[in-house]
Every structure is written in structure tokens, then in C-alpha cells.
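In what follows, a single structure is set out as C-alpha cells and then discussed.
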Amino acid sequence: MGRILCVAEKPSIAKAVAGHLSGGAIRNVRNTGNKYIKNYDFTYRFPRPWGECNVTMTSVVGHTISWDFADGFRKWKDCPPSALFEAATKQFVSPEHKDVAANISSEARNAQALYIWTDCDREGEYIGTEVMDLAKKTNPRIEVKRAKFSNIERAHILHAAQNPGELDECQASAVRARIELDLRIGAAFTRWQTMLLQTVRGLDEQVVSYGSCQFPTLGFVVDRYKKVKNFIPEPFWSIKVLHKRDNINVNFYWDRSSLYDRMAVMIMYERCLAAKFAKVVSVVKKPTSKWKPLPLTTVELQKQGSRFLGLSSQLVMTIAEKLYTQGFISYPRTETDQFDKGMDLQTLVGKQTQSPAWGQFAQDLMAGGFSQPKNGTHNDKAHPPIHPVVYVSPDKLNADERRVYEFVVRRFLACCSKDARGETTTVKLQYGEEGFHTSGLVVLERNYLEVYVYDKWSSSQELPVFTPGETFQPSEATMTEGKTSPPGFLTEPELIALMDANGIGTDATMAEHIAKIIERKYVFARPTGRGGGEFSPSNLGIALVEGYDNIGFDMSLSKPFLRKEMEEKMKKICEGSMTRLDVVNSSIEQYREMFVKASQCSDILKACAQRYLTQA
DNA sequence: GCAAGGTC
């Protein structure tokens with residue numbers, strides 16, 4: 001009987017796939033040198049030419065191979081930073097992954113074929129090539145196949161095993177290009193600017209790093225800070241009508257909202273007063289609904305975690321990973337906001353019926369309240385939306401874990417529920433020449449709101465009865481003056497939304513980039529009391545952004561365009577319209593020019609840092 | 001002493 005080695009990107013996928021392929025009959029579970037990784041032995045009938053085979057299913061834990069500069073370039077004093085644009089690099093098994101690599105190499109030794117089961121995304125394709133290289137070390141002639149799967153439902157996994165494809169070299173090349181560019185550009189600029197700014201007071205010991213993701217992240221914070229600081233309030237005027245009926249004060253809002261011209265508002269206001277009576281033009285009742293949320297993605301978890309739970313995005317992710325490794329929730333790094341049609345959601349709902357807090361709601365869903373979740377527009381083809389896997393009683397979790405778990409569960413139950421339904425009543429008034437309106441809301445069916453306690457939906461205004469055509473003398477009409485107010489500092493959910501929209505980082509790394517610019521002392525996080533906190537740049541952070549902007553580049557280092565361009569080039573490698581070398585060479589040339597310009601204008605950057613860092 | 005990307 002032949003032997004086939006299967007390798008997934010992470011232990012959880014190895015376990016799930018082994019379970020499906022073996023039909024539950026795993027012969028042997030072997031420990032490996034790595035405490036997270038198990039080798040699962042079983043038999044499975046693969047398609048021709050292999051047929052019935054002894055199978056070992058195992059995994060890596062993400063990347064196994066590291067990249068660094070070769071000897072003679074690694075230490076900071078080894079070479080001028082500009083040499084890093086073309087310095088020799090080397091790849092090697094990272095020390096903490098020696099046991100992972102050894103397991104692959106030894107398991108591959110007497111296998112006919114290697115099936116790659118890494119995630120079906122770009123990084124997964126590259127990790128697949130790492131696995132292939134490790135296997136070929138001990139078995140150069142091993143045949144390599146790629147299983148293509150987008151979820152871990154049983155039928156889908158069996159189909160993937162029966163219909164293997166090939167590793168996509170283009171996607172792997174794109175990642176290889178990114179790795180090289182991030183390393184060269186990041187290290188060159190980091191060493192250069194750190195050493196340049198070392199002499200500026202207060203920076204002696206500090207690493208002043210540059211990275212294609214951390215700088216745009218910093219840029220977002222500085223941008224907002226400047227908007228706040230440079231904001232000039234503008235006065236505006238408005239007309240407010242208040243009418244008391246049935247002991248309810250009803251505010252009517254001006255259809256024009258407000259105007260910046262005081263005299264004009266004054267004239268309109270006086271015409272209203274002169275008319276004395278207001279007339280009800282229309283009373284319209286309309287059914288309305290508040291939509292239940294979409295299935296939960298990583299970005300959304302981080303944003304809402306910050307907004308509702310008051311936890312930083314990084315802490316939310318750390319907790320979510322822990323909940324995942326304990327088997328409480330599904331994989332927490334996903335872009336997918338649609339549940340696969342075939343997924344058995346009702347069973348997952350059923351597991352939550354034992355909760356004292358939301359069990360009754362889950363039971364009501366089981367008893368007919370269930371409604372298929374809405375589909376969002378994202379699908380990473382690798383992981384389902386984040387959802388609870390089992391019920392966990394609160395005493396098994398600490399306070400923060402409990403809140404994150406609760407959020408995941410409530411969100412999931414909300415997705416499986418129905419939209420909230422209500423009715424709005426809109427009253428329109430004519431008063432003098434001017435139109436006014438108000439509206440009230442009656443919630444008829446709370447539905448998902450019962451369990452999703454984070455959403456509020458209530459009437460801002462309770463309405464007494466108004467009849468079309470009636471006239472009345474308003475209790476009060478006033479001309480009000482206001483001032484436009486500045487935006488707030490950037491909050492964590494806003495920053496994550498900006499990074500997401502501009503392609504800065506991935507769902508798995510955005511929180512790290514934010515933590516990084518705090519660690520580097522480019523920005524400070526201030527607690528707001530409303531959770532999450534808000535960011536403002538340090539003097540160093542402002543100096544870096546301004547310093548480079550003063551030098552003046554075609555594309556700002558602190559804006560997302562450069563990163564976007566790299567992303568575009570990676571796509572071109574994937575489509576085959578550019579090669580890895582095309583991309584690496586052109587990008588290196590681009591950054592080398594910027595580096596030369598920065599070196600020539602280093603006084604500008606230094607002066608800027610001096611100005612900001614030596615002031616009180 | 002550098003990056004960003006996986007995963008734990």
C-alpha cells in the first residue's frame with residue numbers, strides 16, 4: 001500500500017481534515033517535537049494512481065522559513081543602509097520551528113506523494129512551497145499535489161481530496177516578492193532614519209522604524225490630529241419649533257437644517273412668527289426595519305470589541321485566539337461574512353440553549369424563530385465567519401474572555417434571528433414659508449435586538465396624534481445659533497476601518513501594526529471611557545510625517561498609496577502579467593530613488609525632528 | 001536594534 005503525507009497550515013485544519021478523510025477511524029495519533037502538532041495516521045482511498053493508501057496528516061504552524069540578510073549585512077554597522085537594497089539574503093528554518101521542519105522532512109521520507117492542505121489564499125500558497133521544499137530535502141522525487149478547499153465541511157473536503165490541483169507558483173511568487181521588498185525597504189529605512197535621528201535629544205536609544213504598514217497607520221493618526229488642530233469653527237443659525245401636546249414636548253426640525261447666513265435666517269424666522277399658525281401638511285406612517293448584523297469577520301470583531309467591550313484590538317485578538325485554541329469559537333481570522341449554504345447553523349444555535357443569559361433566545365430560534373443569516377460581500381474562501389462552536393459556562397472564563405465569547409455568541413444568534421420591525425411616523429409642518437418635520441418610532445418586534453444588546457433602536461421622539469390639515473400655534477419658536485465642531489481624535493474602530501479600506505495590513509496583522517506604532521512611541525492611546533480609546537500622535541510621530549512630507553516625494557511615505565501599489569503589483573504576479581523579478585526590481589529602484597532623495601535632504605527631516613522634540 | 005506575514 002502506498003503512503004501519502006498531507007500537510008495543513010495549522011493543527012486545527014489537520015485535525016478536521018484527518019477526521020473527515022479517515023471517516024472517524026484514525027488508527028494512531030502521534031506526538032511530534034512541537035507541542036501543538038500531531039501526526040494522524042489512517043487509511044484513505046485517493047484517486048488514481050494511488051488508490052488505498054496509508055496516510056499521515058500533519059501540519060505546520062504558519063510560516064516555517066525565515067528570511068534575513070546574509071553574513072556581512074546583518075549587523076547595523078556591517079554596511080551602509082543603502083546596501084540593503086541589493087544585499088544578499090538567505091532563507092533558513094527559523095529556530096523556533098526546527099521541530100516543525102524536522103517532522104515534515106522525516107514524514108516525507110517514505111511517502112509517494114505530498115498533499116498540500118494549506119489555506120487557499122496567497123500566503124497559504126507560499127507556505128505550501130515551504131512545505132514542499134522541506135519534504136524534498138529528504139525525498140526529492142516526492143510528487144506534490146494541492147488540495148483546494150474553501151471550508152471544512154465533510155463533503156467539500158472529500159471532494160478536495162479526490163480532485164487535487166497544483167500549487168500556484170504565481171501566488172507563491174507574489175508572496176516571495178512581498179517578503180523581499182518588506183525586508184529590504186523596511187530595514188534600509190529603519191537603520192538609516194534611526195541612525196540619523198540618534199543625535200536628536202531624547203532619541204538616543206530608540207529604534208525609529210519604517211514599515212510599509214506602520215507608516216501609513218501613523219499617517220492616519222497624524223492626518224486626523226491635524227484636522228482637529230486646524231479646525232476653524234463656523235457659526236450657523238437655525239430655527240427650532242417646539243410644540244407641547246398631551247404633555248409631550250415635540251421638537252420639529254427645520255427642513256433646511258441650518259444656514260451660515262444669520263440675516264437670511266433672521267428674515268425667515270420673522271416670517272414664521274408673522275404667520276402665527278403652523279399647518280400639518282402630512283402625517284405618514286411607514287413600516288421600517290432595523291437590519292440584523294452580518295456574520296462576524298475579524299475586522300468587525302476588532303472594531304466592535306473596541307467600541308462595545310472597551311478592549312484594544314490586540315487584546316480582543318489575543319482573547320479570540322485563546323477561545324479558538326480551546327475549541328470554544330471558530331477560527332478568528334477570517335474575512336468571510338457569509339455562511340456557507342450547507343452549514344448546519346441550527347445545531348450550533350441548539351448548543352446555546354443551556355445558557356442562563358441567552359438560552360431562552362436560542363430556544364425560541366429553535367422553535368421557529370430561526371432565519372438564515374444575511375450574506376455580506378466578502379469571502380476569503382478559507383474560513384467561515386466567526387461563530388461559537390460549543391456552549392461555555394461563564395465560570396470557565398475570565399472577565400474579558402467572557403465578554404468576547406458573549407459577543408461572538410450574541411452576534412451569531414443575532415445573525416440567525418430576524419430583523420427588528422417597527423413603524424415610523426413622520427409629521428411635516430408648514431410654518432410661514434418654511435417647512436419643518438419630526439418623526440417618531442414604534443418598535444413592533446424587537447427580534448434580534450433581544451439578544452444583540454449592543455444595538456439600540458428606540459424613538460428619539462414620542463409623538464402625540466397630529467391630523468393632516470390641522471393648524472396650531474406652536475408653543476415655542478426660536479432662532480438658535482450653533483458652531484460647527486471639530487472631529488474627534490481617531491478612535492481605534494475608525495483606525496481599523498481606515499486600514500481595512502486602504503489595504504493596510506491584513507485582518508490578522510492590523511492590531512499588531514497599531515500596537516507597533518504605540519511601542520515605537522509614534523502615537524499615544526488615550527482611554528476615552530467609551531471603550532477602545534483614541535489616538536493622537538507624539539511629537540516624534542508628527543515630526544516623521546512632516547519631515548518626509550517637507551522633503552517631498554511623488555508618493556508620500558505616510559500615505560497608503562505605496563502599499564496599494566505593491567498590492568497591485570502582487571496581483572499582477574498572480575495574473576501572470578508581471579514576474580517576481582519585474583516587481584522586485586522596479587520597486588527596489590523606486591525606493592532606492594526615494595532613499596537617495598531622503599539622504600540628500602536628511603537635514604530637513606532632522607531639523608523637523610529637532611523642532612518638535614526639543615520644544616517643551 | 002530593522003519589515004510584514006503566517007500561527008501558537
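Labels below follow one simple rule: chain letters A, B, ... track the order of the sequence lines, proteins then strands, and each chain is numbered from 1. All of these numbers come straight from a predicted model, not from anything done at the bench. Note that these values count all heavy atoms, side chains included, but never hydrogens, waters or copies made by symmetry.
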| query | Which nucleotides of nucleotides 2-7 of chain B have their base under 4.0 Å from a protein heavy atom (B), which only their sugar-phosphate (S), and which neither (-), written as one string 5' to 3'? | reply | BBBBBB
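At a non-hydrogen distance threshold of 4.0 Å, nothing from residues 570-586 of chain A comes into contact with DNA chain B.
Under the 4.0 Å criterion applied to side-chain N and carboxylate O atoms, A:E169 and A:R580 are not assigned as salt-bridge partners. Residues A:R592 and A:E589 are paired through a salt bridge, judged by an N-O separation under 4.0 Å between the basic side chain and the carboxylate. Ion pairing between a basic and an acidic side chain is recognised when a charged N comes within 4.0 Å of a carboxylate O; A:K396 and A:E401 show no such pairing. With respect to the salt-bridge test (charged N to carboxylate O, under 4.0 angstrom), the residues A:R184 and A:E180 qualify.
No side-chain N or O of A:T58 forms a donor-acceptor pair with one of A:E107 less than 3.5 Å apart. Side chains of A:S212 and A:D182: a donor on one and an acceptor on the other come within 3.5 Å.
With a 6.0 Å cutoff to the six-membered ring centre and a 45° limit on the axis angle, A:K38 does not count as a cation-pi contact of A:Y40.
Taking both residues in full, the closest heavy atoms of A:A320 and A:I329 are given as O-CD1, 3.6 Å, listed atom of the first, atom of the second, then distance.
Among the protein residues, A:Q326 comes within range of no part of the nucleic acid, since none of its heavy atoms lies under 4.0 Å from any strand.
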